[in-house]
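One structure is given below, encoded as structure tokens.
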Amino acid sequence: MNRRATGHTDWCGRDHRCGLGEHRSEEIVVDLPGHGRAVLVRVRTAAGREHAEVRVRVALAPAELPARWQLVGLLGDLRQAVTRAAIATRPQPGRAAR
């Protein structure tokens with residue numbers, strides 16, 4: 001995988017997604033009809049920092065209390081996913097940072 005600081009990357013969409021010095025991949029979509037959808041985009045900012053941008057849409061229960069419990073569970077799962085990703089970016093003891 002090419003990680004040049006300037007120009008398009010190998011994963012860049014190379015079209016209207018790129019702008020203001022930012023590079024964006026094509027969307028990766030996971031669609032579960034009637035239940036939810038997730039969209040993942042890899043982004044490199046003008047400063048060279050890379051991010052994963054994730055949008056999630058989940059069908060909620062029609063009743064208020066079950067919908068709230070779904071939201072509580074979803075937020076907990078998102079916190080765990082973000083924490084896991086943050087831990088993965090830390091240099092490991094005995095290994096050089098990438």
Side-chain angles (χ1 to χ4, degrees):
M1 193 168 306
N2 193 353
R3 294 177 63 113
R4 290 171 288 189
T6 59
H8 294 285
T9 65
D10 290 341
W11 48 262
C12 180
R14 291 178 173 80
D15 57 15
H16 68 278
R17 294 176 198 96
C18 294
L20 302 174
E22 182 176 84
H23 294 276
R24 302 174 70 81
S25 71
E26 293 184 24
E27 294 180 341
I28 299 171
V29 178
V30 176
D31 199 4
L32 301 171
H35 300 285
R37 177 183 180 112
V39 180
L40 172 73
V41 176
R42 185 173 177 174
V43 179
R44 177 181 285 169
T45 67
R49 180 77 166 127
E50 292 191 15
H51 301 273
E53 182 178 289
V54 182
R55 293 188 316 267
V56 179
R57 181 176 27 188
V58 178
L60 295 176
E64 183 63 21
L65 189 57
R68 286 184 184 206
W69 280 111
Q70 283 178 279
L71 292 169
V72 167
L74 180 60
L75 286 173
D77 292 344
L78 288 171
R79 178 187 299 269
Q80 183 179 7
V82 170
T83 300
R84 186 172 49 245
I87 290 169
T89 63
R90 293 183 195 153
Q92 300 298 312
R95 298 175 101 184
R98 294 179 195 211

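Numbers here are sequence positions counted from 1.
- Just one of Val39, Leu40, Ile28, Val41 meets the side-chain contact (heavy atoms from CB on, under 4.5 Å) condition when paired with Val54; it is Leu40.
- Residues in residues 60-74 take part in these salt bridge (charged side-chain N to carboxylate O under 4.0 Å, His left out) pairs, two or more places apart or across chains: Glu64-Arg68.
- Partners of Gln70 by side chain to side chain donor-acceptor pair (under 3.5 Å), not counting sequence neighbours: none found.
- For Leu78, the side chain to side chain contact (heavy atoms under 4.5 Å, CB included) partners at least two apart in sequence or on another chain are Leu74.
- Qualifying salt bridge (charged side-chain N to carboxylate O under 4.0 Å, His left out) partners for Arg37, counting only residues two or more places apart in sequence or in other chains: Asp31.
- Here CD of Glu22 is found 13.5 Å from CZ of Arg49. Values are rounded to the nearest 0.5 Å.
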Please list every donor-acceptor pair under 3.5 Å in which a side-chain atom of residues 55-63 meets a protein atom from a residue at least two apart or in another chain.
unit_1 : atom_1 : unit_2 : atom_2 : d
Arg55  : NH2    : Glu27  : OE2    : 3.1

Would you give me the side-chain donor-acceptor pairs under 3.5 Å for residues 80-87, sequence neighbours excluded?
unit_1 : atom_1 : unit_2 : atom_2 : d
Thr83  : OG1    : Arg79  : O      : 2.8

